[in-house]
Protein chains: 2
Amino acid sequence: MNNVQVESLRDRKKLQRRTLLIEIARGLIASKGLRSLKIRDVADAAGCSIGSVYNEFGDFDGLILSVNRETVQALTARLTAVPADDPGRHLHRLADAYLAFAAEHANLLRSLFEHRMENDRPFPEDILLMVMKAFDLMHAPLVRLLPGRDGEEVALLARMMFSAVHGIISLGLEERMVAVPPDRLREQLAQFIDTHLAGLGVPHK
Amino acid sequence: MNNVQVESLRDRKKLQRRTLLIEIARGLIASKGLRSLKIRDVADAAGCSIGSVYNEFGDFDGLILSVNRETVQALTARLTAVPADDPGRHLHRLADAYLAFAAEHANLLRSLFEHRMENDRPFPEDILLMVMKAFDLMHAPLVRLLPGRDGEEVALLARMMFSAVHGIISLGLEERMVAVPPDRLREQLAQFIDTHLAGLGVPHK
DNA sequence: TACGAAAATGAACAATGTTCAAGTAGAATC
DNA sequence: GATTCTACTTGAACATTGTTCATTTTCGTA
């Protein structure tokens, strides 16, 4: 069997529209929040019928998940691009990058972390893995900063630090809860990481 | 004017039903998640009409907010009841209490933090204040542990620590993201607080 | 060109939040 | 106790929005 398919006109148009639909949905979520996203608005903006959206994504959740998938990909790409020179600086930069992404795409990140599936359907494995991979990015620098410590301990520590940073950022940016200005948040995150590293016995430069 | 109203039969029934409706809505949110809450289910379970729910809460958001209001009250009560003897132990107990509450009422806490209002309506002031007050509970022990430090600095630190604890717990309990067992989380939180205090220069007992 | 598979369509349906005209029950007045 | 008035209750009807599917259209292939 030949898996190298010739890209037909049909395939090209299909992919093009899929991309367009995700693009439109992302724009709507980003600007007005997940709760305001409507299938009909997406279909209208894309100039196609509601049925085509269903044909492409199965259901509403499918569309949302496709947007969320790309969100976590974009986040991971951004975090992965952070230079990994000095491990201490690496941690700070990871936190900064996360903050910048969260500030720019607050609603998209909320959609990723807060969206619940209909009827307890399982959360897609691939998105879960990508989130885990993002969580793990603090692992490498922590290993370098804490040589000799138990491997699993450091892994848990990495996940915990990431969760802490996530909490500080997501509550910090929550407008309804008197948001801290991003610059102020940036300082706080830096202080948080320094303090925590000091507590772990890492000498400060 | 006399504000001491005689409690009429009408008032008593009204309050009784209001309480019942909130009770039912809370039970449904707690057991099946906010997304599964339906006005008709609530009205049916309470043995009244849909219209009466509207009459009492204005709209769907009103009902949800009433449940959330009681959730934050219950949380605050629980955190306030924590003994405040030694400031270090106080911090640990606050985190433990938060964890216990979150583990017992995961869906209610999600409803409190994740529910978005329709059409950008403002978040109710009183709930905001109660959440802020809960955040502030870490302030007093930190002041005792860090005498001589700038007041505003400590206030920000308290909010940051609370946010970090919130992040560790809420991501840690997220089943879809491979939840950490509560006992394991408890250890991690204790370690987190100890490490952070050490980093702040607080001598460990 | 003719045929068949795949996709697109949108009317109809289902679920669910919301409104409101009409009815009912409790309070107030006599 | 009867009457009147006010406030509450009701549920049918409506509006919004996710979902389905028979029909039509489009595209690849023989």
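We name chains A, B, ... by the order of the sequence lines, and we start the count at 1 in each one. Below, each value reflects all heavy atoms present in this structure, side chains not excepted, and no hydrogens, waters or symmetry copies.
Protein atom CG of A/Leu15 is 16 Å distant from nucleotide atom P of D/dC27, rounded to whole Å. Between the CZ atom of B/Arg18 and the P atom of D/dC8 there is a distance of 13 Å, given to the nearest Å. The CG atom of B/Asp41 sits 8 Å away from the P atom of C/dG17 (whole-angstrom rounding). Spacing between atom CG of B/Leu63 and atom P of C/dT16 amounts to 15 Å, rounded to whole angstrom units. Distance, A/Asp44 CG to C/dA8 C1': 15 Å, rounded to whole Å.
A/Glu118 has a carboxylate O that lies under 4.0 Å from a charged side-chain N of B/Arg35, or vice versa, which qualifies the two as a salt bridge.
Among C/dA8, D/dT9, C/dG26, the nucleotide with an atom closest to any side-chain atom of B/Ser52 is D/dT9.
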Cut-off 3.5 Å, no hydrogens considered: what does the side-chain donor-acceptor table look like for residues 122-132 of chain A, sequence neighbours left out?
residue	atom	partner	partner atom	Å
A/Asp126	OD1	A/Arg69	NH2	3.3
A/Asp126	OD2	A/Arg69	NE	2.5
A/Asp126	OD2	A/Arg69	NH2	3.4

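For B/Phe135, the ring-ring contact (aromatic ring centres under 6.0 Å, His included) partners are B/Phe162, not counting sequence neighbours. A/His105 meets the side-chain hydrogen bond (donor to acceptor under 3.5 Å, both in side chains) test with no other residue; sequence neighbours excluded. In this view, B/Thr80 and B/Thr76, B/Leu137 satisfy the side chain to side chain contact (heavy atoms under 4.5 Å, CB included) rule, not counting sequence neighbours. In this view, A/His115 and A/Asp61 satisfy the side-chain hydrogen bond (donor to acceptor under 3.5 Å, both in side chains) rule, not counting sequence neighbours.
Phosphate proximity of C/dG26 to B/Arg12: absent, as no side-chain N or O sits under 4.0 Å from OP1 or OP2. Contact annotation: B/Asn55 side-chain N/O to D/dC8 OP1/OP2 distance is not under 4.0 Å. OP1 or OP2 of D/dC27 sits under 4.0 Å from a side-chain N or O of A/Lys13. B/Ser49 has no side-chain polar atom (N or O) that falls below the 4.0 Å cut-off from OP1 or OP2 of D/dG11.
Listed by first and then second residue, the ring-ring contact (aromatic ring centres under 6.0 Å, His included) pairs involving residues 55-92 of chain A amount to none (not counting sequence neighbours). Residue pairs meeting the salt bridge (charged side-chain N to carboxylate O under 4.0 Å, His left out) criterion with at least one member in residues 98-111 of chain B, sequence neighbours excluded, are B/Arg78-B/Glu104, B/Arg110-B/Glu174, B/Arg110-B/Glu175.
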*What is the per-nucleotide protein-contact pattern of nucleotides 14-25 of chain D, from the 5' end, where B denotes a base atom under 4.0 Å from a protein heavy atom, S denotes such proximity for sugar-phosphate atoms only, and - denotes neither?*
---BBBB-----
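Between the CZ atom of B/Arg149 and the CG atom of B/Leu142 there is a distance of 9.5 Å, given to the nearest 0.5 Å.
For the contact set between residues 24-35 of chain A and DNA chain C, defined by any heavy atom under 4.0 Å, there are no members.
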